[in-house]
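Report on one structure; see the data block that follows.
Sequence positions, counted from 1, serve as the residue numbers for this chain. Side-chain atoms are counted along with the backbone in the values below, which use heavy atoms only and exclude waters and symmetry mates.
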Amino acid sequence: MTQPDAGIRVLSWADFGKEAPHLEAFGRRRLERRIAYLATIRADGSPRVHPVSPFIGGGCLVVYMEPTSLKLADLRREGRFALHCAVEDNEGGEGEFYVTGRAGEIIDAQRRVAAVGWAEAVGYDPVDRHVFFEFKLGYVLATTYDKGPKRERWRAGSSR
């Protein structure tokens with residue numbers, strides 16, 4: 001599992017939810033059962049963007065992928081990521097949810113079984129070859145557009 005840098009504080013989805021329950025609920029609505037865009041870092045340092053289907057279970061934000069995926073190699077080498085929900089229209093739809101942090105591969109057999117269950121609970125069908133990553137959160141930006149842009153930020157380990 002990729003370990004966070006000493007200077008980057010990250011928290012689980014559950015801990016994020018304890019600190020910012022309204023942002024957790026908003027993020028869950030914007031990410032679960034939807035396509036989101038995952039940015040990773042290539043070996044040469046340039047960015048790479050991928051569509052993914054994140055899900056939340058057991059207090060974790062998780063994505064699974066094919067073992068041949070380039071994003072898998074990126075995350076194993078350099079765990080930093082950015083994840084952004086898709087929006088429905090040019091006016092921002094139901095809002096934007098953006099998170100950055102560190103990804104760690106789920107390699108423990110019991111946690112992997114749990115992650116398969118979480119994926120199935122939201123309607124996904126992972127198979128044995130899929131590789132799972134938990135995303136821990138360092139920074140969140142939530143934007144809504146009801147009455148003009150309204151932005152709320154959260155950072156791990158600090159009061160907003």
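- We find that K71 and D74 are not joined by a salt bridge, their nearest charged nitrogen and carboxylate oxygen being 4.0 Å or further apart.
- For the pair R80 (side chain) and R102 (backbone), a donor-acceptor distance under 3.5 Å is absent.
- Shown are E24, E88, E96; of these, the salt bridge (charged side-chain N to carboxylate O under 4.0 Å, His left out) with R30 is made only by E88.
- Heavy atoms from other residues, nucleotides or ligands lying under 6.0 Å from CG of N90 number 12 at most.
- One finds the CD atom of E120 at 9.5 Å from the CZ atom of F55 (value rounded to the nearest 0.5 Å).
- The structure places CZ of F135 at 4.5 Å from CG of L38, a figure rounded to the nearest 0.5 Å.
- From R48, atom CZ reaches atom OG of S69 across 8.0 Å, with rounding to the nearest 0.5 Å.
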* Under the side chain to side chain donor-acceptor pair (under 3.5 Å) criterion, do T144 and D146 qualify, and how do the steps go? -> CA-CA 6 Å; T144 56; D146 301 352; 5.0 Å; no
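- Contact of the L83 side chain with the L61 side chain is registered, since non-hydrogen atoms from C-beta on lie closer than 4.5 Å.
- Hydrophobic clustering of Ile, Leu, Val, Met, Phe, Trp and Tyr side chains at less than 4.5 Å, counting indirect connections, unites I106 with V122.
- With sequence neighbours left out, F97 forms a ring pair (Phe, Tyr, Trp, His ring centres under 6.0 Å) with no residue at all.
- Note on ring orientation: taking the six-membered ring where Trp is involved, the planes of Y124 and Y64 are perpendicular (angle over 60°, cut-offs 30° and 60°).
- At least one donor-acceptor pair closer than 3.5 Å links the side chain of R77 to the backbone N or O of I41.
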